[in-house]
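Order of the sequence lines fixes the chain letters, A, B, ..., with proteins taken first and strands second; residue numbering starts at 1 for each chain. Bear in mind that the values here come from a model prediction, so they are computed numbers and not experimental data.
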There are 2 protein chains.
Amino acid sequence: MELPEARQKFIEAWGKLGSEWGVNRTMAQVHALLLISPDALTTEEIMEELSISRGNANMTLRDLIGWGLVEKQHKAGERKEYFFADKNTWNIARQVAKERRKRELDPMLKVLQELSAVKGDEKNPAYKTFKTSITNIGKLAGNVNKTLETMLKAEENWFWGSLFKIFK
Amino acid sequence: MELPEARQKFIEAWGKLGSEWGVNRTMAQVHALLLISPDALTTEEIMEELSISRGNANMTLRDLIGWGLVEKQHKAGERKEYFFADKNTWNIARQVAKERRKRELDPMLKVLQELSAVKGDEKNPAYKTFKTSITNIGKLAGNVNKTLETMLKAEENWFWGSLFKIFK
DNA sequence: TTAAACTTTCAAAATATATTGAAAAATAAA
DNA sequence: TTTATTTTTCAATATATTTTGAAAGTTTAA
């Protein structure tokens with residue numbers, strides 16, 4: 001397979017994966033494009049390559065910057081902005097984990113906390129089941145949270161190395 | 001907080017979380033409802049409680065069964081079907097991990113495999129960057145895959161225990 | 001059989017999400 | 001300042017996803 005076809009396929013696959021994980025497809029595709037581009041690209045180039053509008057490109061790039069996956073770059077003597085993606089997959093994974101924790105896990109833990117204070121009659125099966133489920137989900141979420149905490153602090157080698165030492 | 005309000009809040013929160021992770025909101029809500037219900041419910045009861053149509057309830061329940069999260073139950077002398085969710089959070093997590101791996105990670109690994117065979121000129125920066133990115137993403141995906149493999153085989157205690165032993 | 005109870009299907013409608021594109025705003029050189 | 005360039009905004013539009021509901025299908029009991 002030649003490069004242009006391979007690039008196209010990767011951009012498509014990354015976009016599809018993103019949409020399966022609740023990430024806007026275009027955002028995943030812009031990220032994919034930047035991941036395989038050696039140099040920073042202009043909005044214009046991104047619009048061109050992915051056939052998307054200026055507005056879409058602009059918003060998507062801001063989102064990617066908000067996720068900490070892309071950075072602006074300016075070049076000396078140039079008016080326009082260039083965009084560049086961190087290509088270190090460990091950084092990417094950590095950044096995504098960090099943001100999703102903040103946006104989704106933290107609020108969920110808060111809700112579970114609130115819900116665990118529900119009042120009711122211990123003899124009521126509906127009450128007992130509710131409490132048990134909430135408690136168990138809370139424990140799982142807590143474990144996930146602690147693991148993410150560790151992951152965020154860790155170096156890549158150490159993290160996977162430790163996992164594999166244990167998981168044989 | 002009293003039980004009815006708490007139930008409502010949980011169903012809402014679970015639905016929202018689902019939609020952030022690419023799961024149809026209604027599907028997550030039906031799952032939530034069954035998770036906090038001590039007994040198996042009929043389609044009728046689910047429709048009523050969540051104010052959804054028969055068609056929607058039926059399709060959603062089939063999906064949940066397809067994900068291995070819900071089971072049909074029949075009661076002696078009854079015509080209609082009852083639906084029941086496994087309440088063990090470890091089973092739920094494993095089931096979801098297993099299905100998503102099959103549906104998303106496996107196909108992605110296959111694509112990355114194909115793409116790593118791209119032909120090109122080692123002197124071309126676009127080629128070099130592409131190859132490096134694909135290789136690195138492939139390595140990360142491989143590590144995730146191995147970790148999931150271990151998780152799927154493991155008992156809950158062993159899995160988290162091992163994580164924490166290492167992660168202090 | 002026949003009929004009642006229940007489940008499934010799926011085209012149409014409703015809703016939600018993403019995208020466009022042109023105007024307005026911001027920025028920086030002349 | 002004025003002008004040219006670039007970025008941002010956002011109402012309108014397009015697209016994608018979800019939901020409905022009624023008809024068709026299936027199952028069981030009489």
- Message: For A/Arg25 and A/Glu78, find the nucleotide of DNA chain C closest to each by heavy atoms; which residue's nucleotide sits nearer the 5' end?
- Response: A/Arg25

- Message: Both A/Ala57 and B/Lys72 contact DNA chain C. Taking the nearest nucleotide for each, which residue is further toward the 5' end?
- Response: B/Lys72

Spacing between [X] atom [atom1] and [N] atom [atom2], to the nearest angstrom:
X       : N      : atom1 : atom2 : answer
B/Leu50 : D/dT20 : CG    : P     : 10 Å
B/Lys75 : C/dA5  : NZ    : C1'   : 18 Å
B/Glu81 : D/dT26 : CD    : C1'   : 11 Å
B/Asn58 : D/dA23 : CG    : P     : 18 Å
B/Asn24 : D/dA16 : CG    : P     : 18 Å
B/Glu44 : D/dG21 : CD    : P     : 14 Å
B/Asp63 : C/dT9  : CG    : C1'   : 14 Å
A/Asn56 : D/dA14 : CG    : P     : 16 Å

Side chain of [X] only, please: which of [options] is the nearest?
X       : options               : result
B/Ser53 : C/dT20, C/dC6, D/dG21 : D/dG21
B/Arg62 : C/dT8, D/dT18, C/dA18 : C/dT8
B/Thr26 : D/dT19, D/dT6, D/dT9  : D/dT19

- May I ask you to check if B/Lys87 and B/Phe84 form a cation-pi contact, with NZ or CZ under 6.0 angstrom from the six-membered ring centre and within 45° of the axis? yes

- Just checking B/Ser51: base, sugar-phosphate only, or nothing, at a heavy-atom cut-off of under 4.0 Å? sugar-phosphate

- Looking across every strand, which nucleic acid part, if any, lies under 4.0 Å from A/Ser19 by heavy atom: base, sugar-phosphate, or nothing? nothing

Do the charged groups of [X] and [Y] touch, with an N to O distance under 4.0 Å?
X        : Y        : value
B/Lys9   : B/Glu5   : yes
B/Glu99  : B/Lys102 : yes
B/Lys131 : B/Glu122 : no

- Query: In Å, rounded to the nearest 0.5 Å, how long is the span from CZ of B/Arg25 to CD of B/Glu20?
  - Reply: 11.5 Å

- Item | N/O donor-acceptor pair, side chain B/Arg54 with base C/dT7, under 3.5 angstrom | no

- Query: Does the D/dT5 base have a donor-acceptor partner in the side chain of A/Arg79 within less than 3.5 Å?
  - Reply: yes

